[in-house]
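Report on the following structure.
In this chain, residues are counted from 1 in sequence order. From a predicted model like this one, the values you see are computed outputs, not experimental measurements. Order of appearance sets the numbers: ligands from 1, and atoms from 1 within every ligand.
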Amino acid sequence: MGLVRTLLLRASNSAWLERQAKQRAFVQRAVRKFMPGEDLEAALDAAQAAAGDRIGSILTQLGENVTSAAEADAVRDHYLEVLAAIRARRLPAQISVKPTHLGIDIDAAACAGRIRVLAAAASPGHTVWIDMEGSAYTAATLRLFREVRGAHENVGVCLQAYLRRTNDDLTMLLPLVPAIRVVKGAYNEPPTLAYPGKRDVDEEYFRLASRLLAMYQKGKAARPVFGTHDMALVERIRARAHELEVPERAFEVHMLYGIGTNDQRRLAAEGVPVRVLISYGSAWFPWYMRRLAERPANIWFVVKSLTR
Ligand code: FDA
């Protein structure tokens, strides 16, 4: 793992750096590359604009590790408002939530209860996605997913290809005919738990994607979702889908707002269902540091924002 990536991911946990960054207007300008604004309206407007390009969206309020049940309830209530706004504006949008934002640290059963409320409130066929956070939460998040999935079909979970355990986790989840979003993984994990080399992560991603496509074809997985901006990988997955005779409309590619926008439009124009994940909110610091860590060249955007 690159030293810069490790340092940026460590920095993502620094309360001091967070205070410093939030006071700097040039950092806020740089953050705008990945976020249309801090408030929900900005995210809804961005979702509307994406819909004009036949790109669906997923909305997520930034925030993690709440420390009280009242805060977690407020996050649930916020997402209920988001679901109502999506319906009111007739947007092709879903939501994605973080377990630690909905209180898994405080009470896992109550956290599952909050996600059940959201799944029940979402329109039929609109998936409520559960993000996957650092490895300390993997097992608890999968338990959460299994519990909610028992009552609601419209819930999906993210699996991280960099974790050595993920292939076994997928085997464990398959009896649920699960909706899975595969990503590479964005946290700072030790090599005992995660493949440290990019090539290994990419190969594992392709292996998981191939498994999901094959399972989908046999009716044993819901529509697979590939969350990545890695176009070489997306093209390999499209070729594998072709080999397996899985039509392109049967899977989705999800990307982050502000990254690979031209690829998003091109894939959508070619008939691949695409969604863009739009983040908003004031708690952007740890999330933004993870975006910088994914591509340390992004630090140049911060530097350039100094002069704007
Ligand atoms: P990779 O890092 O190899 O990048 C491929 C190419 O994409 C790069 O060469 C560059 O061109 C471009 N790119 C990638 N990241 C960029 C950036 N930050 N800025 C500019 N260009 C960039 N992770 C997690 O641990 N838990 C989760 O729940 C989620 N959820 C999630 C949802 C969705 C929809 C997406 C797209 C991603 C996530 N992630 C995530 C993040 C994921 O784990 C991963 O860190 C990023 O997607 C970056 O990896 P890529 O697959 O894009 O490949």
Next on the checklist: For atom 14 (C) of ligand 1, which of the options His229, Glu252, Arg275 provides the nearest non-hydrogen atom?
Outcome noted: His229

Checklist entry - For ligand 1, which atoms have a heavy atom of Phe34 less than 4.0 angstrom away? => result 19 (N)

Next on the checklist: Check whether Tyr162 reaches the backbone of Tyr187 with its side chain - one donor and one acceptor, N or O, closer than 3.5 Å.
Outcome noted: yes

Next on the checklist: Please list, in number order, the atoms of ligand 1 under 4.0 Å from a heavy atom of Lys198.
Outcome noted: 3 (O)

Checklist entry - Nearest to atom 46 (C) of ligand 1, what protein heavy atom do you find, and at what distance? => result Glu294 OE2, 3.3 Å

Item to check | Protein contact to atom 1 (P) of ligand 1 [nearest heavy atom, distance to 0.1 Å] | outcome: Lys184 NZ, 3.6 Å

Item to check | Nitrogen or oxygen of Ala186 less than 3.5 angstrom from that of ligand 1 | outcome: yes

Checklist entry - Quick one: which of Leu256, Ile278, Leu62 gives a side-chain contact (heavy atoms from CB on, under 4.5 Å) with Met35? => result Leu62

Checklist entry - atom 28 (O) of ligand 1: which protein heavy atom is closest, and how many Å away? => result Met132 N, 3.0 Å

Item to check | Mode of Tyr205 contact toward ligand 1 - side chain, backbone, both, neither (heavy atoms, under 4.0 Å) | outcome: neither

Checklist entry - Backbone N or O of Tyr280 within a donor-acceptor pair of the Gln61 side chain at under 3.5 Å? => result no

Checklist outcome for this item: closest protein heavy atom to atom 51 (O) of ligand 1 is Thr228 OG1, 2.6 Å

Checklist entry - Any idea which protein heavy atom is nearest atom 32 (C) of ligand 1, and the distance to it? => result Arg181 NH1, 3.6 Å

Item to check | Charged tip of Arg291 within 45° of Phe34 ring normal and under 6.0 Å | outcome: no

Item to check | Heavy-atom donor-acceptor pair, Gln160 side chain to Glu133 backbone, under 3.5 Å | outcome: yes

Checklist entry - According to a 4.5 Å side-chain heavy-atom criterion applied to Ile, Leu, Val, Met, Phe, Trp and Tyr, with indirect links allowed, do Leu173 and Trp129 form part of one hydrophobic cluster? => result no

Checklist entry - For ligand 1, which part of Arg290 has a heavy atom less than 4.0 Å away: the side chain, the backbone, both, or neither? => result neither

Next on the checklist: For atom 21 (N) of ligand 1, what is the closest protein heavy atom, and at what distance to 0.1 Å?
Outcome noted: Arg295 CD, 3.2 Å

Item to check | Part of Gln160 within contact of ligand 1 (heavy atoms, under 4.0 Å) | outcome: side chain

Next on the checklist: Between ligand 1 and Arg291, is the shortest N or O to N or O distance under 3.5 Å?
Outcome noted: yes

Next on the checklist: Determine whether a donor-acceptor pair (N or O, by modelled atom type, separation under 3.5 Å) exists between the side chain of Arg211 and the backbone of Asn167.
Outcome noted: yes

Item to check | Hphob cluster co-occupancy, Val253 + Ile180, side-chain heavy atoms under 4.5 angstrom | outcome: yes

Checklist entry - Counting only non-hydrogen atoms of the protein, does one fall under 4.0 Å from atom 8 (C) of ligand 1? => result no

Item to check | For atom 42 (C) of ligand 1, the option (of Val183, Leu292, Leu233) bearing the nearest heavy atom | outcome: Val183

Checklist entry - Who pairs with Lys198 by side-chain hydrogen bond (donor to acceptor under 3.5 Å, both in side chains), at least two apart in sequence or on another chain? => result Asp202

Item to check | Test item, Gly260 contacting ligand 1 (heavy atom, 4.0 angstrom) | outcome: no

Next on the checklist: Quick check on contacts: which atoms of ligand 1 are under 4.0 angstrom from a heavy atom of Asp131?
Outcome noted: 28 (O)

Item to check | For atom 13 (N) of ligand 1, the protein heavy atom that lies nearest, with its residue and separation | outcome: Ile259 CG2, 3.8 Å

Checklist entry - Do Ser14 and Glu18 pass the side chain to side chain donor-acceptor pair (under 3.5 Å) test, and can you show the C-alpha distance, the side-chain angles, and the key distance before you say yes or no? => result CA-CA 6 Å; Ser14 164; Glu18 177 164 2; over 6 Å; no

Next on the checklist: Between Arg275 (side chain only) and Val225 (backbone N and O only), is there a donor and an acceptor less than 3.5 Å apart?
Outcome noted: no

Next on the checklist: Quick test: of every protein heavy atom, which one is nearest to atom 35 (C) of ligand 1, and how far off is it to 0.1 Å?
Outcome noted: Leu256 CD2, 3.5 Å

Checklist entry - Looking at atom 19 (N) of ligand 1, is any protein heavy atom nearer than 4.0 Å to it? => result yes

Next on the checklist: Counting only heavy atoms closer than 4.0 Å, does ligand 1 sit against the backbone of Leu277, its side chain, both, or neither?
Outcome noted: side chain

Checklist entry - Are Ile86 and Val155 linked, directly or through other ILVMFWY residues, by side chains that come within less than 4.5 angstrom of each other? => result yes

Item to check | Those atoms of ligand 1 less than 4.0 Å from some heavy atom in Met255 | outcome: 36 (C)

Checklist entry - Do any N/O atoms on Cys158 end up under 3.5 angstrom from N/O atoms on ligand 1? => result no

Checklist entry - So, does Gln264 use its side chain to make a donor-acceptor pair with the main chain of Ile259 at under 3.5 Å? => result yes

Checklist entry - Yes or no on side-chain contact (heavy atoms from CB on, under 4.5 Å) for Leu59 and Tyr79, after CA distance, side-chain angles and deciding distance? => result CA-CA 9 Å; Leu59 302 180; Tyr79 277 118; 5.9 Å; no

